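Structure record follows, encoded as C-alpha cells.
All values derive from a computational prediction rather than experimental measurement.
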Amino acid sequence: MKQFMGKDFMLDSPVAENLYNNYAAKMPIFDYHCHVSPEAVATDKHFSNLTELWIDDDIYKRRAMRTNGVAEKYCFGHEVSDWERFEKWAETVPYTICTPLFHMTYLELYSAFGITQLLNKDNARDIYEHCNELLQQPEYSARGLLRHYRVKTLCTTDDPIDDLRWHRMMKESCDDIRMLPTWRPDRAMNIEKADFAAYVHTLGKVAGVEVKCFDDLLGALQKRHDFFAANDCILADHNIEEFYDEHFTDSQIEVIFEKALRGQTLSTFEVHQYKHCFLKRMSEMDFDAGWAQEYHCGAIRDNNSLMYDRLGSNISYDSIGEFNTALAMSHFLNELNTEGKLTRTILFAINPNSNEMIATMLGNFQDGTCAGKIQFGLGWWLHNQYDVIQRHLRSLCVDGAFARFIGMMTDTHALISYPRHEYFRRILCNMIGHGVEEGTIPDNEELLGKLVQNICYNNVCAYLSY
C-alpha cells in the first residue's frame, strides 16, 4: 500500500517517477489564465494571516463550507473573526475527501508551509498559528510565493475599463516575474444584464467616446483594446454559456443595442444575435492585434442571487444538444476562418462529455501557420482532478494534439494554488509511464523527457510567442 501523498503520489512506475522528478518538477510555470489580484502582486502584498491568504480568495472553499452546513457568516464577510472562519474550514476539510479540494488542501499546506498533517478541527489552531508566524517572513510575500512556485509569467483577468496601473507598476519594479493583463470584455457582451447600460456609459467615459450606438461601442472597445496591447496584453478571454449561431445583420444589431440602452426587454433570440455579433467583432480585433483568444464555454453562472460567489454549473447535453453545440462552434470558427480572421484559439469546456467533440474540432481549423493553433484547454475547477484530467489528456490524443498541448493553467484567485501544476504534471507523467509499461509508448527517455517539458512549459511559451 502506498503512503498517502508520498513522494511518488500518483506515480505508478519507475518511468513515471523519473519523468516527474527529473523533467516535470523542475520546469517553471507560465500561468496563462488566472484570477490573482494584480494589486497584490504589484505591491508585493504581505498577508496578515492564513485566512486572508488561503480562504478569502478561494470561492471553492466557501462553497464546500456551505455544503457542509456552515453558516454564511463564516464563509464570507467580516461578521466573525478570521480565526473563526478558518476553524470552520478546518472542520470542513475531512468532508471534502474524494474531491479536488482534499488533495489541493494537503498540497497547498505542504508546498507553502511544510505541513504534513491532514487539517481538521483538532489541529486547526496549531496549523493556523504556525502558518501565521511564517507569513511574517519576507519570503511569504505575494512575489515571494510566486518565486517559490517558479512562476515566471502569469496572465490576470481584466475588464476593458481597468487602468492596468498594477501591471505597469509590476513591469517597472520586478524583472524576474512577468504579469500580463488579459482582455475580458464579458460585461460589454452580456446585453441581457441589468447593469449593461450603466457599464456601457462607464466604458465610453473611460475610452473618451460617447456611446449612442453599437458602432460607437466598437470604437470605444477598440481604443481600450489598443491600450491593453500597449500594456503587453497578448490574450483575450470570453466566458460564454454556449457558442451562438443566430444570423444577424448590422441594422438588427443596432436596433437590439439601442433597445438595451433604453432598458427594454430583449428576446433570447435577440440576445444570442447580439452575442454572436459581439464575439465575432472581438475575435477580429484579437486577430488584428496578433493576440490569442480563450473561450470558457458551458458554465451557467449567477445561479443563486443570494450568494456572493458566482460559480459555474456543469451542463449535460443530450445527443441532440451536443450535436447543436458542435455545429454552432464549427460555424463560428468557420466564419472567422473563411474571412482569414481566426487567430490562435483555446477552447475550454466545463462538461467533460464534450471532450471528444472538441478534440476532433481542433483538427478542422489547424492551418499550419503555427503549431497547435487551436487548443483544447483543461476544464476548470471540478475537472482539475485525477480521472477527469486523464480523460482530457486521452481526448487530446484523438487528433494528434497531445504533444503540442499548452498544459495547465490555475484559474486561481489564491497565490498558494500553484500546486495544481504539480498535480497536473504528476498525472501527465503517470499517463505516459503507463503507456511505456503497456508497450504503446517507446521507452525513450530523451524523447519523453522533452515531451513532458514541452507540455509543462515550453509549448505555451512558443504558442504565445512570449
Side-chain angles (χ1 to χ4, degrees), residues 2-33 100 103-104 106-107 111 149-152 346-349 352 355-356 358-360 362-363 366 371-380 383-411 418-463:
K2 273 194 167 187
Q3 177 187 356
F4 172 71
M5 302 291 279
K7 67 181 180 64
D8 296 328
F9 174 55
M10 295 194 298
L11 303 173
D12 297 335
S13 69
V15 172
E17 293 171 15
N18 180 49
L19 289 176
Y20 176 73
N21 291 313
N22 294 317
Y23 295 93
K26 299 177 180 179
M27 296 304 289
I29 290 173
F30 190 131
D31 191 8
Y32 61 92
H33 176 71
H103 284 159
M104 287 303 110
Y106 185 93
L107 282 173
S111 65
Y149 291 117
R150 302 181 306 283
V151 178
K152 295 296 184 183
I346 310 168
L347 302 169
F348 297 89
N355 283 8
E356 279 69 33
I358 295 177
T360 304
L362 304 183
Q366 309 288 12
K373 177 178 177 178
I374 313 300
Q375 290 278 333
F376 182 19
L378 279 170
W380 61 105
H383 307 300
N384 287 164
Q385 59 176 301
Y386 184 67
D387 58 331
V388 186
I389 292 175
Q390 286 188 104
R391 284 179 60 183
H392 187 102
L393 293 173
R394 285 194 294 268
S395 296
L396 283 171
C397 297
V398 169
D399 202 46
F402 179 73
R404 290 296 185 178
F405 182 41
I406 59 174
M408 184 68 175
M409 78 299 164
T410 60
D411 192 33
Y418 282 97
R420 296 180 190 187
H421 283 260
E422 175 186 342
Y423 196 69
F424 166 77
R425 292 173 180 187
R426 287 177 177 271
I427 295 170
L428 169 68
C429 293
N430 200 51
M431 176 181 161
I432 295 171
H434 277 168
V436 173
E437 294 290 318
E438 296 167 353
T440 58
I441 295 176
D443 186 9
N444 183 319
E445 182 174 346
E446 182 180 359
L447 173 68
L448 300 183
K450 187 64 174 176
L451 172 66
V452 166
Q453 290 177 327
N454 286 345
I455 292 175
C456 291
Y457 182 72
N458 296 332
N459 282 350
V460 68
C461 292
Y463 185 74

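Arg404 places no side-chain N or O within 3.5 Å of a backbone atom of Ala371 that could act as its donor or acceptor partner. Formation of a donor-acceptor pair under 3.5 Å by the Asn459 side chain with backbone atoms of Phe405 is found in this model. Side chain of Thr410 to main chain of Tyr418: no donor-acceptor pair is present (N/O by atom type, distance under 3.5 Å, no hydrogens or angles).
Among residues two or more places apart in sequence or in another chain, the side chain to side chain donor-acceptor pair (under 3.5 Å) test is passed with Asn444 by none. Residues passing the side chain to side chain donor-acceptor pair (under 3.5 Å) test with Lys373 are Asp367, sequence neighbours excluded. Taking Tyr463 as the reference, nothing meets the side chain to side chain donor-acceptor pair (under 3.5 Å) condition, with sequence neighbours excluded.
No side-chain heavy atom of Phe30 sits under 4.5 Å from any side-chain heavy atom of Ile406. Under the 4.5 Å side-chain criterion, counting only non-hydrogen atoms from C-beta, Arg150 is not in contact with Ile29. Taking 4.5 Å as the limit, every side-chain heavy atom of Met27 sits out of range of all side-chain heavy atoms of His421.
Once rounded to the nearest 0.5 Å, the distance linking CG of Leu428 with CE of Met10 reads 11.0 Å. Atom NE2 of His392 sits about 10.5 Å away from atom SG of Cys397, to the nearest 0.5 Å. Here CG of Asp31 is found 14.5 Å from NZ of Lys152. Values are rounded to the nearest 0.5 Å. From Arg420, atom CZ reaches atom CG of Leu107 across 11.0 Å, with rounding to the nearest 0.5 Å. Rounded to the nearest 0.5 angstrom, Leu393 CG and Leu378 CG are separated by 6.5 Å. If you take SG on Cys456 and NZ on Lys26, they are separated by 13.0 Å, rounding to the nearest 0.5 Å.
Ring-plane geometry between Phe4 and Tyr106 is classed as perpendicular, the angle between the planes exceeding 60 degrees on a 0 to 90 degree scale with a lower cut at 30.
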**Report entry** Audit row: Gln366, Ile374, side chain to side chain contact (heavy atoms under 4.5 Å, CB included) steps and yes/no
**Finding:** CA-CA 6 Å; Gln366 309 288 12; Ile374 313 300; 4.0 Å; yes
Query raised in the report: Passes side chain to side chain contact (heavy atoms under 4.5 Å, CB included), Ser13 versus Val436? Steps please.
Result: CA-CA 9 Å; Ser13 69; Val436 173; over 6 Å; no
Report task. Could you walk me through whether Arg391 and Asp387 pass the side chain to side chain contact (heavy atoms under 4.5 Å, CB included) test, one step at a time? Result -> CA-CA 6 Å; Arg391 284 179 60 183; Asp387 58 331; 5.6 Å; no
Query - Steps toward side chain to side chain contact (heavy atoms under 4.5 Å, CB included) verdict (Tyr23, Asn18) - result: CA-CA 8 Å; Tyr23 295 93; Asn18 180 49; 4.1 Å; yes
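When all heavy atoms are compared, the tightest approach of Pro442 to Leu447 is CG-CD2, 4.0 Å. Across every non-hydrogen atom of Pro352 and Val388, the tightest pair is CB-CG1, 4.3 Å. Closest of all the heavy-atom pairs between Phe376 and Ala349 is CE1-N, 4.4 Å. Closest approach of Leu19 and Cys429 over heavy atoms only: C-SG, 3.7 Å. What you find for Ala359 and Val398 is that their closest heavy atoms are CB-CB, 4.4 Å. Nearest approach of Leu362 to Ala401, heavy atoms of both residues: CD1-CB, 3.9 Å.
Here salt bridge (Lys or Arg N to Asp or Glu O under 4.0 Å) pairs that include residues 425-452, with residues two or more places apart or in two chains, are Glu422-Arg426. Within the structure, every pair that satisfies the salt bridge (Lys or Arg N to Asp or Glu O under 4.0 Å) test and touches residues 5-21, not counting sequence neighbours, is listed here: Lys2-Asp12. Listed by first and then second residue, the ring-ring contact (aromatic ring centres under 6.0 Å, His included) pairs involving residues 423-445 are His103-Tyr423 (not counting sequence neighbours).
Between Ile432 and the choices Ile455, Val452, Ile427, the side-chain contact (heavy atoms from CB on, under 4.5 Å) rule is met once, by Val452.
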